[in-house]
Every structure is written in C-alpha cells, then in structure tokens.
**Student:** 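Questions regarding the structure given below will be posed in turn.
Every chain is numbered from 1 and lettered A, B, ... according to where its sequence line falls, protein lines coming before strand lines.
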Amino acid sequence: MLDLKFVRDNADRITRMLQDRRLDMDLTPLLDLDQKRRRVLKEVEELKYLRNTASEEISRLKREKTDASDRIEEMRQVSQRIKALDQDLSAVDQEFSDFLLLIPNMPHESVPVGSDENDNRLVKKWGTPPTFDFDPKPHWEIGESLGILDFERAAKMTGARFALYWGMGAALERALITFMLDVHTSRHGYTEVLPPFMVNSTSLVGTGQLPKFKEDLFKLEGRDYYLVPTAEVPVTNIHAGEILDEEQLPRLYTAFTPCFRSEAGSYGKDTRGLIRQHQFNKVELVKLSRPETSYQELESLLSNAETILQELGLHYRVVVLCTGDMGFSASKTYDIEVWLPGQNTYREISSCSNFEDFQARRANIRFRRKGQSKTELVHTLNGSGLAVGRTLVAILENYQQPDGTVVVPPVLRPYLSNTEKIAKV
RNA sequence: GGAGAGAUGGCCGAGUCGGCUGAAGGCGCUCGCCUGCUAAGCGAGUGUAGGGUCAAAAGCUCUACCGAGGGUUCGAAUCCCUCUCUCUCCGCCA
C-alpha cells in the first residue's frame, strides 16, 4: 500500500507508474473518495466534540441536582446525526481502502521500463553450461526412467500438476532443503523458522496477495484459512503490528515450506515435469531492514541465493525485471534463472525483491530509532533461496550421464549417505 | 466436542451503583538535578492512528482507540449480544 499523503500529492507520478506497469487504472475515483472522506470526517468530529463538551455539562448539572433534560434532548438529536454520519464514513472508508489496496508499488528508479520479460535487463551470468556428447534429456524423462519421479500415480491420487517422488528422488529433495537451510543459517546469518502452512486473509493482505490475486490461492472451505503460496506470507507477517527496536534490524529469517498455487490462467503451460506444480517446496529468505540499507540488503539477499547455485555448480544468469514484468508489491526484483540443458533454456529458480515500505504499511510493521519517539515503517525483502523442485530439476538435467544415471553434486553427498550417483534400482 | 475463567498503556496492575479515567498505583525507559564511581535520592516527562491549522516542520487543537465487531444510552473500559484469542478441567486424538 502506498502512503496516503504521497498519493494525494503525487497523482501524476502514480498515473505514470501505472502506465509503466502496463496497467489500466484511473485514479480519480480514489481522489474523490478521499475528499469526501475528509469532508465527512470533519463534520462528524465536530459533532463529537459538541457531544463531549455537552456530556461534561450534563454530568455537572446532574451532580448539582439541576435539571438537564433540555440538553439531553438536544444531544439526542446530535447523537442521531453522528450515528448516520459514522455509517456514511465507514462506507466511504471501506470503499477508499479497497481502492488503495489495489494500487501496486512504485518501482525503484533503477528498474527498466518495459512491457514484458523481453525487456528485462541481464545483470550477469555465472559459470558455463555443461557440454554433452549426447542429447541431454528433460528431467521428466530422466526422473521417470530412474524411477524417482512418478507423475501418473500423483495424478491418480490427486490430479494434474502434482508429483510423487520415490526413493533417491525423495531423498534428494530432502537433502536440498537441509543443505539450503544449513548454508543460510550457518554462513549467511539467517534464523531458521518453521511457520504454519496455512495463513489467514489478514496476513495475505499484509504481503499483497489479497485482495487482488485471490484466484491464485487455495482456500479452505468455510474457514478464513489459505494454503501458503510462499513462506513470504507467514514469515513477513511474524512482526505484523509490532514496533521493533532499531537495534533489532535487520532481521534475517529463512524458512522451508511447501507452496500451494492454483496456477489459474496457466492452463497448457509447462504441463510436463516439475516446473509448474500446484504444490512445491521452497526455502525462503526474508529480511526486515531499515529503509536506508534495504537496497544493500537486496544485493546481499541475491548473493545469498546465488551461493546455493554456485555450491551446486549450476550455471545461471541474473536479470532485473522491468516495470511490466514486476510483481504487484515489489519495488525492484532480480530473478535468478538456472540453465536447463534438457530444455535448452533458462528457467526462474529464485526471485529476490525489495518491497520497501509497501508491505510494511499493509502489515503495520514499524521500528523506532534510538532516542526518537516517531515510529517508521521497516522495509521488507524476500527471495527464494531456492525453489527446491526446480533445483532438483536443474541437477537432473545438468548432471545427467550418457548411461542415464545422475551424478550427485559433491556438496550434497554428506546429506545422502555419501551417494555419488543416482541409478535405477 | 462438553464445562468454566479471562483479555486494560513497554510490562505488572486498579477501575466503586455507566459521567473530568487516555486511563490510578507500581516497574521500566528518557531528560535534568544531586552525588569520588556505582547504587540510592529528587524533579519533569514517557502510547498509537487520523483530521484541522501551517508553505513545511515544530507547535497548538480536535477525534478515535481499554481483544474485535455490533447494540442500549445524552454519555460505555464499565451494561447487553456476537466473534476471536488465551488459560483450567473433562472427553477424543497424532
């Protein structure tokens, strides 16, 4: 959510931002609502002042055993008027905040203006793609022939876009989760948390998934509980409504959770393999920082995520998303795209964003500087560190051998009883 | 699932038959004084949000907030209803 005062004074900048994000949205209803809101607020507050002073007078008259029925009758009228105005006000308020919650964040000045992923800007490449003297296969073929990935049975027990992992496949997924958490906690200073895998709607409004992207979520019937689409939601909301001390910043959290996404609107896309599932595992990195350091924190968050790929020896590139491709809540986003030789393409494996104070305002996460009385909003950041399923995909495709086996990257072997190679059992 | 108890400011805790209680008292914290140092003592201050005023900030001022929402009333932390959460006991259960 944007700052109300900023919206009032910068309607033109917001209009330009909406164009940059390729959104069709008219701001005038919001500004009209704001004026109306303040008009009604002023009137109702004046009446409440009148009522409060009269109340004291009535109280005094009663103590003096004087008749106060005239004043009481008068206030009866005033109170009715207040009640009516209060109802108007809360209706306007509701409409107003509903609108405000639909306005996306302002992109950082360093973000390139563009329409879609073709306008994203390449930041860097790391490593080199492996070479093969045979045709590298896509991971679903590798996984199925090794007997470690089973899409057919997952479809039987649940449906499309689910996977059943067997044996070394399941173990590899688990090894990756543990490896990632170990690196982030022991080397990057993050505190590990294990949050609930369901959250309420308030939390989802806090991070920006609601109210606009309801159709992307799985909701429990008859309850205000949603399956988490990412650990970003519960973890960012850890400090919702709190005022932190300056010394407590930055806070660094890492969490493993499964993620559940309805993938509405992506019918027919990535139907094969693990790339686009309704349920996938992810290790997430979340930071709460002071405003003046948040862009440094974004850079280090990105490099924390990169470390995992480097340790695994996987070639990747980093792009900065353009205005048209960036998420609703983000000010700036880097995507890390890993090389997948089986599909001859780069695929997103991590997305690292600075949300500045956009989520903090929605979730009401503040801090107080030492010796200051004013509170300020923190900046929130998060990034995948990494998407586990896609990492497993990358390992299968990059480490496949001519004989159909897959070599285990050395850093993972301690987590897999020193297994060096995955072969068909 | 059944029965009961509770939710007040950073924390503890008081609020009588509804009426100067944004909220006593204590602790903590901040500033000042005092004091070889520390401790103690003395004095003052110490919530959040929104509106108005102001070029802006400061200041001044108003409104709201005693778990959340609604109701009764001229007036609600105090009375009534609904919900949420916490705790205790019983039942069930990984």
Side-chain angles (χ1 to χ4, degrees), chain A residues 1-10 30-101 194-206 210 219-220 222-226 234 237-249 258 357-378:
Chain A
M1 189 162 71
L2 297 176
D3 178 38
L4 181 53
K5 294 195 180 87
F6 176 81
V7 174
R8 274 179 201 146
D9 301 339
N10 296 280
L30 182 78
L31 299 171
D32 291 347
L33 280 167
D34 180 42
Q35 294 224 328
K36 185 174 177 194
R37 184 178 150 272
R38 278 194 283 176
R39 200 175 60 235
V40 179
L41 189 63
K42 188 154 186 272
E43 188 182 352
V44 78
E45 286 191 350
E46 280 165 4
L47 287 175
K48 281 180 178 173
Y49 175 62
L50 181 66
R51 183 177 72 183
N52 286 346
T53 48
S55 233
E56 283 170 28
E57 192 190 333
I58 291 167
S59 165
R60 203 192 66 238
L61 290 174
K62 290 221 165 183
R63 255 181 282 118
E64 291 166 358
K65 309 278 186 227
T66 315
D67 179 59
S69 48
D70 287 355
R71 298 293 281 151
I72 289 175
E73 182 49 39
E74 201 181 318
M75 284 308 112
R76 201 192 304 273
Q77 309 298 325
V78 171
S79 274
Q80 272 174 19
R81 176 79 183 137
I82 289 174
K83 203 169 183 178
L85 284 173
D86 262 341
Q87 279 174 7
D88 286 357
L89 187 64
S90 69
V92 174
D93 250 344
Q94 185 65 47
E95 216 181 322
F96 180 77
S97 62
D98 285 354
F99 198 116
L100 199 57
L101 285 171
L194 182 62
F197 298 165
M198 297 181 209
V199 288
N200 59 33
S201 54
T202 303
S203 296
L204 286 156
V205 170
L210 286 180
K219 183 178 191 300
L220 266 71
R223 315 199 50 152
D224 185 37
Y225 290 165
Y226 295 79
N237 278 287
I238 287 174
H239 296 293
E242 297 183 13
I243 301 173
L244 302 167
D245 292 331
E246 185 180 13
E247 309 89 86
Q248 293 179 277
L249 297 175
D357 61 12
F358 188 84
Q359 294 181 324
R361 188 172 293 107
R362 294 165 82 106
N364 197 20
I365 311 168
R366 292 168 296 173
F367 77 103
R368 205 190 310 270
R369 293 186 196 272
K370 207 166 172 49
Q372 298 260 307
S373 62
K374 282 303 272 182
T375 59
E376 293 176 54
L377 295 164
V378 302

**Student:** Do A:Asp93 and A:Ser90 have a side chain donor and acceptor closer than 3.5 Å?
**Tutor:**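 Distance-only check fails for A:Asp93 and A:Ser90.
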**Student:** Distance check: side-chain N/O of A:Arg368 vs OP1/OP2 of B:rU48, anything under 4.0 Å?
**Tutor:** yes
**Student:** If you look at every strand shown and take non-hydrogen atoms under 4.0 Å, does A:Ile58 touch a base, only sugar-phosphate, or nothing?
**Tutor:** base
**Student:** Roughly, in whole Å, what's the span from CZ in A:Arg361 to C1' in B:rG50?
**Tutor:** 15 Å
**Student:** Work out how far the C1' atom of B:rA76 is from that of B:rG18, and round it to whole angstrom.
**Tutor:** 6 Å
**Student:** Can you check the A:Asp224 CG to B:rU84 P distance for me, whole Å?
**Tutor:**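 Computing the A:Asp224:CG to B:rU84:P distance gives 11 Å.
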**Student:** Output yes when a side-chain donor or acceptor of A:Arg361 lies under 3.5 Å from a complementary backbone atom of A:Met1, and no otherwise.
**Tutor:** yes
**Student:** Tell me the interatomic distance from A:Leu61, atom CG, to B:rC74, atom C1', rounded to whole angstroms.
**Tutor:** 12 Å
**Student:** Describe the nucleic acid contact of A:Arg37 in one word from base, sugar-phosphate, nothing, applying a heavy-atom distance below 4.0 Å.
**Tutor:** sugar-phosphate
**Student:** Mind checking the P distance from B:rC20 to B:rA77? Whole angstroms is fine.
**Tutor:**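 After rounding to an integer number of Å, I get 10 Å for this pair.
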**Student:** OP1 or OP2 of B:rC74 less than 4.0 angstrom from a side-chain nitrogen or oxygen of A:Arg71, does that happen here?
**Tutor:** no
**Student:** Whole-Å distance between B:rG75 C1' and A:Glu73 CD?
**Tutor:** 15 Å
**Student:** Salt bridge between A:Arg81 and A:Glu43, side-chain N to carboxylate O under 4.0 Å?
**Tutor:** yes
**Student:** Report the distance from atom CG of A:Asn200 to atom C1' of B:rU84, rounded to the nearest whole Å.
**Tutor:** 11 Å
**Student:** Which residues satisfy the ring-ring contact (aromatic ring centres under 6.0 Å, His included) test with A:Phe367, sequence neighbours excluded?
**Tutor:**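 A:Phe367 satisfies ring-ring contact (aromatic ring centres under 6.0 Å, His included) with no residue once adjacent residues are dropped.
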**Student:** Once you round it to whole Å, what is the distance between C1' of B:rU73 and CZ of A:Arg76?
**Tutor:**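 Computing the A:Arg76:CZ to B:rU73:C1' distance gives 9 Å.
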**Student:** For B:rU72, what is the paired nucleotide under Watson-Crick or G-U wobble rules, both distances under 3.5 Å?
**Tutor:** none
**Student:** In terms of the nearest nucleotide of RNA chain B, which residue is placed more toward the 5' end: A:Arg366 or A:Asp34?
**Tutor:**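 It is A:Arg366, whose closest nucleotide lies nearer the 5' terminus.
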**Student:** How many angstroms lie between atom CG of A:Asp245 and atom CZ of A:Arg369, to the nearest 0.5 angstrom?
**Tutor:**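 Output value for this atom pair is 13.0 Å.
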**Student:** Is there a side chain to side chain contact (heavy atoms under 4.5 Å, CB included) between A:Asp86 and A:Lys48 once you walk through the steps?
**Tutor:** CA-CA 10 Å; A:Asp86 262 341; A:Lys48 281 180 178 173; 3.5 Å; yes
**Student:** Which part of the nucleic acid, if any, lies within contact of A:Ser69, taking any heavy atom under 4.0 Å across all strands shown: a base, the sugar-phosphate backbone alone, or nothing?
**Tutor:**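 No contact.
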**Student:** What nucleotide, of B:rG51, B:rU48, B:rG19, holds the atom closest to the side chain of A:Ser59?
**Tutor:**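 Of the candidates, B:rG19 comes closest.
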**Student:** Can you tell me how far P of B:rC74 sits from CD of A:Gln77, to the nearest Å?
**Tutor:** 10 Å
**Student:** Can you tell me, in whole Å, how much space there is between the P of B:rG70 and that of B:rA58?
**Tutor:** 32 Å
**Student:** From CE of A:Met1 over to C1' of B:rG50, roughly how many Å is that when rounded to an integer?
**Tutor:**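 So the two atoms are 13 Å apart, to the nearest Å.
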**Student:** Given that both distances must come in under 3.5 Å, which nucleotide forms a Watson-Crick or G-U wobble pair with B:rA5?
**Tutor:**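 Across all strands, the one nucleotide that pairs with B:rA5 is B:rU86.
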**Student:** Would you say B:rU73 has OP1 or OP2 under 4.0 Å from some side-chain N or O of A:Ser79?
**Tutor:**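 False: A:Ser79 side-chain N/O out of range (4.0 Å or more) of B:rU73 OP1/OP2.
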**Student:** Going by distance alone, is a donor N or O of one side chain under 3.5 Å from an acceptor N or O of the other, for A:Asn52 and A:Glu56?
**Tutor:**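 On atom types as modelled, these side chains do not qualify, holding no pair under 3.5 Å.
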**Student:** Name the pairing partner of B:rU48, where a pair is Watson-Crick or G-U wobble with both distances under 3.5 Å, or state none.
**Tutor:** B:rA64
**Student:** What one-letter contact string describes nucleotides 52-72 of chain B from 5' to 3', where B marks a base within less than 4.0 Å of any protein heavy atom, S marks contact via sugar-phosphate atoms alone, and - marks no contact?
**Tutor:** S---------BBS-------S
